[in-house]
2 protein chains.
Amino acid sequence: MTRAKTNSVRATQTSLTVLSEIKTLGGSATLAELADSLEPTKSTIYKHLVTLEDEGLVVEQDGEYRIGLRWLEFGGIAQRYDGIYEVAKPEVRRMAVETGELANLMIEEQGYGIYIHTTSGDQAVALDTRLGKRIHLHKTAIGKALLSSFDDNRVEEIIETRGLPAETENTITDREALFAELETIRERGVADDTEERVDGTGCVGVPIDTGDRREAAISITAPINRLQSPGRKAQLIDTVQQAANVIEVNLVHG
Amino acid sequence: MTRAKTNSVRATQTSLTVLSEIKTLGGSATLAELADSLEPTKSTIYKHLVTLEDEGLVVEQDGEYRIGLRWLEFGGIAQRYDGIYEVAKPEVRRMAVETGELANLMIEEQGYGIYIHTTSGDQAVALDTRLGKRIHLHKTAIGKALLSSFDDNRVEEIIETRGLPAETENTITDREALFAELETIRERGVADDTEERVDGTGCVGVPIDTGDRREAAISITAPINRLQSPGRKAQLIDTVQQAANVIEVNLVHG
DNA sequence: GTTTTCCGTTTCGTATTTTCGAACGCCTGC
DNA sequence: GCAGGCGTTCGAAAATACGAAACGGAAAAC
């Protein structure tokens, strides 16, 4: 419509818009639903859907279009790119089994944090913290752990491009407050959050020293009532830190 | 090139071609490398790369472009579409832990089989059997297990669209032989393969009755020397069948 | 130190395609 | 049997994806 960036392929963007809208509409949608909520006309969207179906990026079933499993093909490649996933995966699982909570592995990309692995223990909270989920780094302990391993310039850059939007009442939305928090995290070696992204839950997270690979962090998510018991929290922090150590050692002696 | 299918968006296809070529070139590539191996010119590919980077589908680092983690965002949605993944995941893991081998969960889509979960036990073979991997159904035990749960018409349709290409010397490439094999699988309740997809390894797999959800199957992959010991093979078959039972029960009482 | 080569990036004109709007045909419900 | 909603096809017009060529910086060659 308005802006036409010189270097971009509009049709590809349109295809992506259709895909995003399917996601927004709950994972599957009819052509009519998509035409209602999107700018392009029915016939245009239809052509994109046909193309995307040929590629396996959407699948049509009973008149509904949904996201295709082809996404996992490329997703699996991205996930395994530099070997962090394979090394960290067993430790993340161990954290989940030992604590019974939800354990996560996150990697930074383009200023966002992406969960590239999550495992639920037997008392774990049910959360939208799922494979591939992208979140702002300042909204959660694991993201702040990542930020704490960056230098200030890089943090500034991320704040500038992605902003500091609020998620709950407790989300840090102030630049100064964030930098102060990061300093504290660097001193303590642990990041935490209480209801900064999702009401009723909190996290403890630590960064992983990956050498020259992509920065990563791990965390445990738990309901706040369990997190507020001091003994329990200390125990979780201990688990996360030990796991990070093991991962770091294994990354070196790969 | 020549044919321009009436209902397809060429630019979207071009973007996908670029993505595929990055994958083919080992997961990352420079613009020059892509221009060398693809039809479109450097400037065209460049525009697509810029667009894809804006969307997070590729990431540029030190002059190399690689597949972006954004793929996992949509991949995670496709993976969880109808709940089979969540229910089956713990049982697949249990199979891997108990046997020490590689355990897999596959779903059929568009005539292909897609691994939507894999877990390695402590003696597991290292294989390209990874999250998101797409294979022809006739090439492996888990795929044949899936086929055995379809009626003949559907199998015919899949053979017609995807063919029966060979992978190793042992791959079934004959239509009659495949149908005979499927009949045997239906009788025995178990599919197996020995070096039909990868030399040196074999599988045992069984279909899962998912009710009205997408068809699924689980399998265990092991080196042939372990698979050829009759006691061991019987034990693996037992494990897979029990796991399938548990998953089926849990799918009903979800 | 100069030249050459290589690579990413930009520009620009044109031909190709995307896009829209309308019309078609099918099915469902009234 | 009629009306409304849906996916699909068609053709014309506007938008843009594409190729060719040139630019500029960095690295390599001499």
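Reminder, nothing fancy here: chain letters follow the sequence lines and each chain counts from 1.
- Between the base of D:dG7 and the side chain of A:Lys42 there is a donor-acceptor pair shorter than 3.5 Å.
- In the set C:dT17, C:dC20, D:dA17, D:dA17 carries the atom at the smallest distance from any side-chain atom of A:Val9.
- Protein atom CG of B:Leu49 is 12 Å distant from nucleotide atom C1' of C:dT9, rounded to whole Å.
- Of the candidates C:dT19, C:dT18, C:dC20, C:dT19 carries the atom nearest the A:Thr14 side chain, counting heavy atoms from C-beta on.
- Side-chain N/O atoms of B:Ser43 and base N/O atoms of D:dG19 include a donor-acceptor pair closer than 3.5 Å.
- For A:Tyr46, the side-chain atoms get nearest to D:dT8 when compared with the rest of D:dT8, C:dT10, D:dA17.
- Phosphate proximity of C:dG21 to A:Thr41: absent, as no side-chain N or O sits under 4.0 Å from OP1 or OP2.
- Summarising the geometry, the separation between CD1 on A:Ile45 and P on C:dG21 is reported as 12 Å, rounded to the nearest angstrom.
- Look at CD on A:Glu53: it is 13 Å from P on D:dG7, rounded to the nearest Å.
- Under the ring pair (Phe, Tyr, Trp, His ring centres under 6.0 Å) criterion, B:Tyr81 pairs with no residue, sequence neighbours left out.
- Listed nucleotides: C:dT18, D:dG19, D:dA17. Nearest to the side chain of A:Lys47: C:dT18.
- By the 6.0 Å and 45° rule, A:Arg134 stacks over the aromatic ring of A:Tyr112.
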Donor-acceptor contacts under 3.5 Å from residues 25-36 of chain B side chains, at least two apart:
| unit_1 | atom_1 | unit_2 | atom_2 | d |
| --- | --- | --- | --- | --- |
| B:Ser28 | OG | B:Glu64 | OE1 | 2.8 |
| B:Thr30 | OG1 | B:Glu33 | N | 3.2 |
| B:Glu33 | OE1 | B:Thr30 | N | 2.9 |

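- For A:His48 and C:dT18, the shortest distance from a side-chain N or O to OP1 or OP2 is not below 4.0 Å.
- Look at A:Thr44 and you'll find a side-chain N or O under 4.0 angstrom from OP1 or OP2 of C:dC20.
- Using a 4.0 Å cut-off on heavy atoms, the residues of residues 29-38 of chain A that approach DNA chain D are A:Thr30, A:Leu31, A:Ala32, listed by number.
- Between B:His117 and B:Tyr85, the two ring planes are perpendicular [angle over 60°; tilted spans 30° to 60°].
- Side-chain atoms of B:Asn7 lie closest to D:dT9 of the nucleotides C:dT18, D:dT9, D:dG19.
- In this structure, the nucleotide among C:dG21, C:dT9, C:dT18 sitting nearest to the side chain of B:Ala11 is C:dT18.
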